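Being a predicted model, the structure only gives us computed values, none of them experimental.
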Amino acid sequence: MTPDVAWARSGAACAVRGVVLQRVLGPLMDAYTSPTVLGVEHLGRLDVPVLFVANHSSHMDTPAILRALPGAWGRHTAVAAAADYFYAKRRLALLVALLFNTVAVERKGAEADATARLDRLIADRWNLVIFAEGTRSRDGTVGGLHSGAAVLAAQHGLAIVPVYVAGTHQAMPVGRRWMRRGPGRRRVAIEIRFGAPIRPREDEHRTDVMDRVRTFFAESGAVTTLDKRIVARRRRASPSGAQREP
């Protein structure tokens with residue numbers, strides 16, 4: 001099991017993280033992007049902790065979400081991060097833990113250990129950001145959603161707050177080491193949209209809960225796996241097998 005960098009949730013580390021996000025990394029991001037935050041009002045009547053379940057297409061997604069969270073929400077939110085990617089090297093693990101308050105989650109195997117670690121964070125009333133696709137999208141569309149967030153929400157009686165992040169794929173897609181501007185050297189417009197809380201209903205299957213998250217993404221403007229299946233089905237049903245969408 002990958003060791004937890006627990007000191008990243010200390011008061012001193014939280015203070016350092018706030019300064020870096022708002023005064024260092026934030027201005028750097030603003031030099032390349034123009035952010036818009038919507039739906040923060042949905043957090044007003046919620047009790048902590050909650051699960052922020054987001055789409056994922058760029059390394060920019062994490063700081064964009066953390067910056068968008070108001071006040072105490074941002075200071076008391078941890079981010080589930082792939083242990084095999086971010087925790088394979090000690091220096092990288094320490095850096096992302098300090099900057100983004102990450103907690104290592106095993107993508108392959110060790111499921112019980114990973115769940116126990118998240119259970120402890122929830123018991124300590126930490127909010128969690130979970131990227132339900134499990135990896136970054138290569139084309140900016142939303143892939144299949146894993147159901148782990150729905151299981152956690154049902155087990156602990158938590159609300160899921162869906163978060164749709166748009167524009168970060170254009171600013172920093174997979175394979176790019178730094179941000180870029182848009183055409184004409186203009187800043188890339190990005191949007192962080194918080195949705196109304198989703199609470200698993202009694203006897204509701206976890207995949208149905210995640211389908212409600214996927215619906216929020218689609219209604220926010222995302223192209224999702226369901227959209228792509230519909231396109232493929234229409235093409236197969238057409239006489240030529242290659243019908244184009246309007």
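- Considering only heavy atoms from C-beta on, E191 comes within 4.5 Å of L38 through its side chain.
- With 3.5 Å as the limit, one finds no donor-acceptor pair spanning the side chains of T135 and Y85.
- Using a 4.5 Å heavy-atom threshold, the side chains of W126 and V48 count as separate.
- D139 and H169 form no side-chain donor-acceptor contact under 3.5 Å, judged by distance and modelled atom types alone.
- Both L21 and L94 are part of a single hydrophobic cluster, where members link through side-chain heavy atoms under 4.5 Å apart.
- Counting heavy atoms from C-beta on, the side chains of R193 and V37 never come closer than 4.5 Å.
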Show your working on side-chain contact (heavy atoms from CB on, under 4.5 Å) between V103 and D4 and close with a plain yes or no.
-> CA-CA 7 Å; V103 55; D4 186 24; 4.0 Å; yes
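- Residues T62 and F131 form a side-chain contact, since some pair of their non-hydrogen atoms from C-beta on lies under 4.5 Å apart.
- Between P162 and I198 the shortest heavy-atom distance is CG-CD1, 4.0 Å.
- Between A171 and T33 the shortest heavy-atom distance is CB-CG2, 3.8 Å.
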side-chain contact (heavy atoms from CB on, under 4.5 Å) assessment of L43 paired with W73 | CA-CA 9 Å; L43 305 179; W73 284 95; 4.0 Å; yes
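- Atom-to-atom distance recorded for T102:OG1 and R9:CZ is 8.5 Å, nearest 0.5 angstrom.
- Rounded to the nearest 0.5 Å, atoms OG1 (T77) and CG (N127) are 4.0 Å apart.
- When every heavy atom of R206 is checked against every heavy atom of V151, the shortest pair comes out as CD-CG2, 3.5 Å.
- Remark: R67 engages D30 in a salt bridge, criterion side-chain N to carboxylate O under 4.0 Å.
- Side chain of S58 to backbone of M60: a donor-acceptor contact under 3.5 angstrom is found.
- To the nearest 0.5 Å, atoms CG (L28) and CZ (R23) are separated by 14.5 Å.
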Under the side-chain contact (heavy atoms from CB on, under 4.5 Å) criterion, do V105 and L118 qualify, and how do the steps go?
-> CA-CA 8 Å; V105 175; L118 297 183; 4.2 Å; yes
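- Of all heavy-atom pairs between A149 and I160, the closest is O-CD1, 4.1 Å.
- Distance alone, capped at 3.5 Å, places no donor-acceptor pair between the S147 side chain and the A150 backbone.
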Evaluate salt bridge (Lys or Arg N to Asp or Glu O under 4.0 Å) for D208 paired with R214, printing each intermediate quantity in order.
-> CA-CA 10 Å; D208 294 328; R214 184 207 61 78; over 6 Å; no
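- The structure places CG of N101 at 9.0 Å from NE2 of H76, a figure rounded to the nearest 0.5 Å.
- Tracing side-chain contacts under 4.5 Å through hydrophobic residues (I, L, V, M, F, W, Y), one reaches W7 starting from V96; they form part of the same cluster.
- For the pair I122/L158, a side-chain contact is recorded, criterion being any heavy-atom separation below 4.5 Å from C-beta on.
- The shortest non-hydrogen separation linking F217 to V163 is CE2-O, 3.3 Å.
- Heavy-atom minimum distance, I130 versus A80: CG1-CB, 4.4 Å.
- Between Y87 and L92 there is no side-chain heavy-atom pair separated by less than 4.5 Å.
- A salt bridge does not link D47 to R125: none of the charged nitrogens lies less than 4.0 Å from a carboxylate oxygen.
- A salt bridge links R212 with E204; the closest basic N to acidic carboxylate O contact falls under 4.0 Å.
- Linking ILVMFWY residues whenever their side-chain heavy atoms come closer than 4.5 Å, directly or via other members, places L69 and V40 in the same cluster.
- Among R185, R186, R181, the single residue meeting the side-chain contact (heavy atoms from CB on, under 4.5 Å) criterion with P183 is R186.
- At distances below 3.5 Å, at least one donor-acceptor pair connects side-chain atoms of R17 with backbone N or O atoms of L98.
- Between V161 and L46 the shortest side-chain heavy-atom distance falls below 4.5 Å.
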Could you walk me through whether V129 and F100 pass the side-chain contact (heavy atoms from CB on, under 4.5 Å) check?
-> CA-CA 10 Å; V129 174; F100 307 124; over 6 Å; no
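- Counting only distance, with no hydrogens or angles, the side chain of R180 and the backbone of W178 share no donor-acceptor pair below 3.5 Å.
- Distance check, rounded to the nearest 0.5 Å: CG of D61 to CD1 of I192 gives 9.0 Å.
- A donor-acceptor pair under 3.5 Å is absent between the side-chain atoms of N55 and the main chain of V142, judged by distance alone.
- Less than 6.0 angstrom separates the ring centroid of F86 from the ring centroid of H59.
- You'll find the side chain of L152 reaches within 4.5 Å of the side chain of D119, heavy atoms only.
- For the atom pair H56 NE2 and E133 CD, the distance stands at 8.0 Å (nearest 0.5 Å).
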